[in-house]
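Numbers restart at 1 for each chain; the letters A, B, ... are given by sequence-line order, proteins then strands.
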Amino acid sequence: MSTAADLIMAFGGLIAVLAGVGLLKFNTAYARFHAAGKASPVAFVIAAIGSGFHLGWEGATYLLIASVAMVLTLPIGVHLMFRAVHRTTTSDHLSVDELASAEGQAPS
Amino acid sequence: MITAFALACFAIAGICGAYRLLVGPGLADRIVALDVTLISLMGAITVDAARRETTVNLIMLVVLAIIGFTATVSASRFLEHERPEEVPST
């Protein structure tokens with residue numbers, strides 16, 4: 001039982017390494033934000049599941065509150081970072097940018 | 001043993017985030033790298049709490065999740081409304 005929980009926590013750690021490596025390897029800012037913003041909360045939630053097996057009901061309640069708070073709030077923050085990067089920089093690796101033409105017509 | 005491997009994995013992710021914080025070409029990369037470092041720290045706190053079978057430090061996770069989100073949102077608002085003539089040359 002505790003070995004299975006340890007393996008779940010190690011799997012969460014591996015997904016966090018994927019997030020870190022994705023932050024290093026990609027060339028464009030959009031790809032880096034995708035890797036970091038998607039893999040990090042998943043890694044934390046899986047590690048929290050594995051740790052909740054060890055800790056009993058009180059610890060599992062704390063971890064559940066932290067996981068729900070993170071999953072609800074972190075994608076909003078990363079989406080705002082995407083929007084800020086899109087509005088302040090021009091990217092020459094995109095051939096068609098439909099969002100830029102739509103944003104030019106609507107007041108920001 | 002396996003939990004030590006999990007701690008090492010979160011440490012590697014934190015080091016990758018710190019590298020992007022130092023090297024990142026632009027402010028937005030640095031903000032997201034801070035977020036990744038913060039989440040890897042939260043993961044390391046979780047694994048450490050499971051190793052020592054104590055729930056003393058878990059209240060920090062709730063606080064860090066909210067604070068990390070607030071920092072990212074306010075930094076993105078500053079990034080959008082940066083006026084070019086007032087930014088000092090780096």
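- In this structure the side chain of Met81(A) reaches within 4.5 angstrom of the side chain of Ile31(B), judged on heavy atoms.
- Between chain A and the options Gly17(B), Ala4(B), Ala49(B), the largest number of non-hydrogen pairs under 4.5 Å is found for Ala49(B).
- No other option in Gly68(B), Ala11(B), Ala65(B) has as many heavy-atom pairs under 4.5 Å with chain A as Ala65(B).
- In this structure, chain B has heavy atoms under 4.5 Å from both the backbone and the side chain of Leu7(A).
- Looking at Thr37(B), neither its backbone nor its side chain comes within 4.5 Å of chain A, counting heavy atoms on both sides.
- When Val32(B), Leu7(B), Ile59(B), Thr72(B) are compared by the number of non-hydrogen pairs under 4.5 Å with chain A, Val32(B) comes out ahead.
- Of the atoms belonging to Thr46(B), heavy atoms from both backbone and side chain fall under 4.5 Å from chain A.
- Using a 4.5 Å cut-off between heavy atoms, Arg77(B) contacts chain A through its side chain alone, with no backbone atom that close.
- We find the CG-CZ distance between Leu79(B) and Arg87(A) to be 11.5 Å, quoted to the nearest 0.5 Å.
- Among the candidates Leu24(A), Leu18(A), Thr88(A), the residue making the largest number of heavy-atom pairs closer than 4.5 Å to chain B is Leu24(A).
- The parts of Asp29(B) that come within reach of chain A are both its backbone and its side chain, each placing non-hydrogen atoms under 4.5 angstrom from that chain.
- To the nearest 0.5 angstrom, Leu61(B) atom CG is 12.5 Å from Leu64(A) atom CG.
- Here Leu21(B) contributes atom CG and Leu23(A) contributes atom CG; the two are 10.0 Å apart, rounded to the nearest 0.5 Å.
- Residue with the most contacts toward chain A among Ala50(B), Ala75(B), Gly14(B): Ala50(B) (heavy-atom pairs, distance under 4.5 Å).
- Within the 4.5 angstrom heavy-atom criterion, atoms from both the backbone and the side chain of Ala47(A) approach chain B.
- With chain A as partner, the option from Gly43(B), Ala28(B), Ala8(B) having the largest number of non-hydrogen pairs under 4.5 angstrom is Ala28(B).
- Put simply, CD1 on Ile45(B) and CG on Leu63(A) are 11.0 Å apart, with the number rounded to the nearest 0.5 Å.
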